[in-house]
Protein chains: 2
Amino acid sequence: MSSTAQGARARARMEVTAAIKDEARRQLAQEGAARLSLRAVARTLGMVSSALYRYFPSRDDLLTALIIDAYDSLGASAEAANEQVGDAAPLERWTAVAEAVHVWALEHPHEYALIYGSPVPGYTAPMTTVPAASRVGLLFIAIVRDAHHEGVLADAPELPDDLVAEAGRMAADLAPDLPPATVVALIAAWAELFGLVGFELFGQFNRVVEDRPPFFRHAAIRIAHGVGLR
Amino acid sequence: MSSTAQGARARARMEVTAAIKDEARRQLAQEGAARLSLRAVARTLGMVSSALYRYFPSRDDLLTALIIDAYDSLGASAEAANEQVGDAAPLERWTAVAEAVHVWALEHPHEYALIYGSPVPGYTAPMTTVPAASRVGLLFIAIVRDAHHEGVLADAPELPDDLVAEAGRMAADLAPDLPPATVVALIAAWAELFGLVGFELFGQFNRVVEDRPPFFRHAAIRIAHGVGLR
DNA sequence: ACACATTCGAGAGCACTGCTCTTGCTCTGG
DNA sequence: CCAGAGCAAGAGCAGTGCTCTCGAATGTGT
C-alpha cells in the first residue's frame, strides 16, 4: 500500500494533524511563537490537551513543523516571483526575488521571526528543516549561475589569503561552476539581504527609515551589484 | 540631596536591584531570554518571588533593564575598539568596530538575540532603550563623517528618484553634513553588517560557512567599501 | 467472524510560570 | 516618638508543558 488512502484511520490522522497545524499556524501568526500554546490549540479544536500529544510528541515538534511550512511558504513565494519575471535579466530576477522575500516577511512577521529570528530557547533546528530552508538560497545561486553562464557577471573582488581555502570549500559544496570569490560574495549578499529585512521587521529602522520600500529596493540592487550582477 | 547615598534605605534598594539584575543576566546568558524566570531569580537570591515585584513591576521591565545593559555593553565594546585603533584610517576603524561587534555577539549570544533577534512576544521596546541602542550606529556615523571631512570618502552611488526625499530626511536627522546618498549607504551597511552577525549566530551559516572569522572580515571590508571607505 | 493488538480521547495530576493580594514587620522622616 | 511608607512573606489564581492511566473505538491476523 502507498501512503495515500490506506484506511480511514490514517486518513483521519492526517486530517487531525493538518487541523492542529492550521490552528497552530493561526495562533502563531496572531501571537508569535513564544505565546503559542498547545493547550490553547487543543481547546479551540475541541479536544483535550493530552490528546494532542498523539500527533506531536512535544511543543518543539509542532514548532518544527511550522518552521518547515514557513520556509516552504517563503520559498514558494520567492520561486513564484522568479518565474513571474520570466527570462528577464539576472539583476531583475534578483531584485524580484528580494522583493518577494521582503513582502513575505512583512506579511508573515511572526513566521519570519520563527525562522530567521533568534531561535527559541534551547531549540536547535533538526536536519529535516534543511531542504526547506535552502530554497531561497538555491534560487539566488541559480540566478547568479545563469548570469555567469550568460557572461554578464562581473568579477568579484579578489579574496584575501586567509579566505582562499574556505572559499574553495564553499564553492565546491554550493556551486562548483562559479568562481570562489563570487560564491563568497553571494553568501555574504544573502545574509546582508536578510539583515535588511530583519532590521526593518524587528523595529531597528523605527525613527530611522520611514519610507521603506524604495530604501529596500535600492539596497537590494546595491547588494546585487556587489555580487557582480549589472 | 543628590541620587547617591541618600539614606540606607535607598542604598539597600540599589543593591538589591543590582543583585536581581546580575542574577537575571546570569540566567539570561545561560538559558536565553525565553527561559528567564522571575521565580528562579528570586529563588537563587533567597527571596520569595512576590518580593521581586517591589523592584521590577513585571518580567518585561526586568527584560527592558537587561536590554539596556546589553546595548550599553555592546556599545562600550565597540567604542573601546574604536579608541584602541587610535587615529587609524577610517576603513581600519570601521573594520575594528565591526570585529568588536562580531566578537561581542559570539561571546554574548543570548544578549545579542535579546536586542537584535526577534522581539519577545508582545513586547515593544520602550523609548528608554533608544539612547543605548544608538551607540553603535552613532559610532559608524562618526567614522564615516571623519572620512568625509578628511576627504577620503568616495561618493556613494546616485539615488533613484523615489528615494531622494526620504534620503534627505534621513540625512537631516542623522548626519546633515554628509551627502544623503552616503547616509543611505551607511544605514544599509549597518543593517547588512548585523545581518551577517545574526546569520552566523542563529545557525544560518551551519554547513555553509565553516571558517567564519576571515569570511566576516572580508565581508565587513566589502560593506565598508560600499559606503565609500577605501 | 472472532480474538488480539494498536490507536486514540479523556481525565487527573505534577511541576512549573507570571502575577496579585493580604498580612504583618521594620525602618525612617517630620 | 510615632504615623506612614517600604518591604518580605505566604497563599492563591490562572495558565503552561508534559506524563500516566484507563476505557473505548478501530483495525488486523488467523
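In what follows, every chain begins at residue 1, and chains take the letters A, B, ... in the order their sequences are listed. Just so it is clear, the structure is predicted and the values come from calculations on it, not from any experiment. The analysis underlying the following values was restricted to heavy atoms, covering all of them including side chains, and did not include hydrogens, waters or symmetry mates.
Contacts of B:Ser49 with the nucleic acid, taken as non-hydrogen atoms under 4.0 Å apart, include base atoms. B:Leu36 comes within 4.0 angstrom of sugar-phosphate atoms only, judged by non-hydrogen atoms across all strands, and of no base. Among the atoms of the strands shown, only primed sugar atoms or phosphate atoms (P, OP1, OP2) are found under 4.0 Å from some heavy atom of B:Tyr55.
To the nearest 0.5 Å, atoms OG (A:Ser58) and CG (A:Leu38) are separated by 8.0 Å.
Every residue two or more places apart in sequence or in another chain was checked for a salt bridge (charged side-chain N to carboxylate O under 4.0 Å, His left out) with B:Glu200, and none qualifies. In terms of the salt bridge (charged side-chain N to carboxylate O under 4.0 Å, His left out) criterion, A:Asp211 has no residue partners (sequence neighbours excluded). In this view, A:Arg39 satisfies the salt bridge (charged side-chain N to carboxylate O under 4.0 Å, His left out) rule with no residue, not counting sequence neighbours.
Rounded to whole Å, atom C1' of D:dG27 lies 14 Å from atom CZ of A:Arg11. If you measure from atom CG of B:Leu63 to atom C1' of C:dG18, you get 12 Å, rounded to the nearest angstrom. If you measure from atom CZ of B:Arg13 to atom C1' of D:dG6, you get 8 Å, rounded to the nearest angstrom. Rounding to whole angstrom units, CD of residue B:Gln27 and P of C:dC16 are separated by 14 Å. A straight line from CZ of B:Phe56 to P of C:dT20 spans 16 Å, rounded to a whole angstrom. As a whole-Å value, the separation of A:Arg59 CZ from D:dC18 P is 8 Å. In this structure, the CZ atom of A:Arg43 is 15 Å from the C1' atom of C:dG11, given to the nearest Å. A:Leu38 places its CG atom 11 Å from the P atom of D:dT19, with the value rounded to the nearest Å.
Sorted by first and then second residue, the salt bridge (Lys or Arg N to Asp or Glu O under 4.0 Å) pairs involving residues 128-142 of chain A (not counting sequence neighbours) are A:Asp72-A:Arg135, A:Glu79-A:Arg135. Evaluation of the salt bridge (Lys or Arg N to Asp or Glu O under 4.0 Å) test over residues 98-118 of chain A, restricted to residues two or more places apart or in two chains, returns A:Glu99-A:Arg217.
Both B:Ser37 and A:Gly46 lie near DNA chain C, and the one whose nearest nucleotide falls closer to the 5' end is A:Gly46.
Applying the 3.5 Å distance criterion, the base of C:dG18 shares a donor-acceptor pair with the side chain of B:Arg39. Side-chain atoms of B:Ser50 come within donor-acceptor range of the base of D:dG10, with a qualifying N/O pair under 3.5 Å.
Closest to the side chain of A:Tyr53, out of C:dT17, D:dT19, C:dC19, is D:dT19.
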Look for any protein N or O under 3.5 Å of an N or O in nucleotides 23-28 of chain C and output each such pair with its distance, or none.
unit_1	atom_1	unit_2	atom_2	d
C:dC27	O2	B:Arg9	NH1	3.4

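With hydrogens and angles disregarded, no donor-acceptor distance shorter than 3.5 Å links the side chain of B:Thr129 to the backbone of B:Ile68.
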